[in-house]
Visitor: 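My questions will all concern the structure given below.
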Amino acid sequence: MTTVDALGLCLNVSRAHASLNLKLNEDLGAFHGLAYEDFTLLYLLLCAESGRMVMADLSRALGLPMSALIRKMVLLEKTGLAERTAGSNEDDRRHATIRPGGKKLMRAAVTTVEVLCADAVKSLAPQSLPQLNAALLALCHHDTSPSA
């Protein structure tokens, strides 16, 4: 049995992400005029209840500082795909909301990304996908803050 060191594994995860990110950016840009980062943001909104999320929650989900999320939202507002909205009477937090044009664009873009992702994983054994997915989710939720 071959062992894999942590550094090698993390570098391979990073290379796989970079390769997939490049392909997704190319095709999303060519077919839908979207960057992959914008697709990810809009996808989270599309899947969220009522098509909206609290900005702080969206920032954490994307791994972006709030200032970077606000810059992205300003651009998405200019193109009519999303908007920042106020909370309800009891909720004074700002929300990000997908607009009808964003929903329409995302329906087509999701189909493109599903095809690209299916192609990306076709060389992997189908029975290994649940375990691989679980391992990647564990990496996503790993607390990387320095210990005291």
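Quick note: residue numbers are just sequence positions, from 1.
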Visitor: L44, V74: one ILVMFWY side-chain cluster at the under-4.5 Å cut-off?
Guide: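 Same cluster.
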
Visitor: Are D119 and V115 close enough that some pair of their side-chain heavy atoms sits under 4.5 Å apart?
Guide: no

Visitor: Tell me, do R107 and K103 make a side-chain contact under 4.5 Å, heavy atoms counted?
Guide: yes

Visitor: Quick one: does N12's side chain have a donor or acceptor within less than 3.5 Å of a partner on G8's backbone?
Guide: yes

Visitor: Of the non-hydrogen atoms in L34 and A109, which two are nearest, and what is the gap between them?
Guide: CD1-CB, 4.1 Å

Visitor: Quick check for you: to the nearest 0.5 Å, what is the distance between T79 atom OG1 and L105 atom CG?
Guide: 8.5 Å

Visitor: Which residue is it: T85, L45, I98? I am looking for the one with a side-chain contact (heavy atoms from CB on, under 4.5 Å) to R52.
Guide: T85

Visitor: Among the clusters formed by ILVMFWY side chains lying less than 4.5 Å apart, do L64 and V54 turn up in the same one?
Guide: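 No.
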
Visitor: Would you say E37 has more than 12 foreign heavy atoms packed within less than 6.0 Å of its CD?
Guide: no

Visitor: Side-chain heavy atoms under 4.5 angstrom apart, residues restricted to Ile, Leu, Val, Met, Phe, Trp, Tyr: same cluster for Y43 and L136?
Guide: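 No; L136 is not reachable from Y43 via cluster members.
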
Visitor: Is L76 linked to M66 within one hydrophobic cluster, defined over Ile, Leu, Val, Met, Phe, Trp and Tyr using a side-chain heavy-atom separation of less than 4.5 Å?
Guide: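 Same cluster: L76 reaches M66 through Ile, Leu, Val, Met, Phe, Trp or Tyr contacts under 4.5 Å.
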
Visitor: Would a 4.5 Å heavy-atom cut-off, applied to side chains only, mark H32 and T112 as touching?
Guide: yes

Visitor: Walk me through it: do L81 and R99 pass the test side-chain contact (heavy atoms from CB on, under 4.5 Å)?
Guide: CA-CA 5 Å; L81 300 176; R99 299 194 67 207; 6.0 Å; no

Visitor: So how far is it from Y36 OH to N25 CG, rounded to the nearest 0.5 Å?
Guide: 9.0 Å

Visitor: Rounded to the nearest 0.5 Å, how far apart are CG of L41 and CG of L46?
Guide: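 If we round to the nearest 0.5 Å, L41:CG and L46:CG are 11.5 Å apart.
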
Visitor: Mind checking whether R84 and I70 have side chains closer than 4.5 Å, heavy atoms only?
Guide: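 In contact.
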
Visitor: Which atom pair, heavy atoms only, marks the closest approach of M55 to L69?
Guide: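 What the structure gives for the nearest pair is O-CD2, 3.3 Å.
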
Visitor: Show the nearest heavy-atom pair for residues A120 and S123, with the distance to one decimal.
Guide: O-OG, 4.4 Å

Visitor: So, for S59 and P65, which heavy atoms are closest and what is the spacing to 0.1 Å?
Guide: OG-C, 3.7 Å

Visitor: Kindly indicate whether the side chain of L24, heavy atoms from C-beta on, has any atom under 4.5 Å from the side chain of F39.
Guide: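 Sidechains of F39 and L24: no contact.
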
Visitor: Between the main-chain N or O of R93 and the side-chain N or O of H95, is there a donor-acceptor pair closer than 3.5 Å?
Guide: yes

Visitor: Counting only N and O atoms by type, is there a donor-acceptor contact under 3.5 Å from the side chain of S19 to the main-chain atoms of A16?
Guide: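 Such a contact is absent between S19 side chain and A16 backbone.
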
Visitor: I need the L116 CG to L20 CG distance, nearest 0.5 Å.
Guide: 8.0 Å

Visitor: To check you understand the geometry: which heavy-atom pair defines the closest contact between A82 and M73, and what is its length?
Guide: CB-CE, 3.9 Å

Visitor: Rounded to the nearest 0.5 Å, what separation is found between the CG atom of L132 and the CD atom of Q127?
Guide: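 CD of Q127 is found 12.0 Å from CG of L132.
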
Visitor: Using a 4.5 Å cut-off on heavy atoms from C-beta on, say whether the side chain of L11 contacts that of L7.
Guide: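 L7 vs L11: side chains touch.
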
Visitor: Can you tell me how far apart SG (C47) and CE (M53) are? Round to the nearest 0.5 Å.
Guide: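 Result: 10.0 Å between the selected atoms.
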
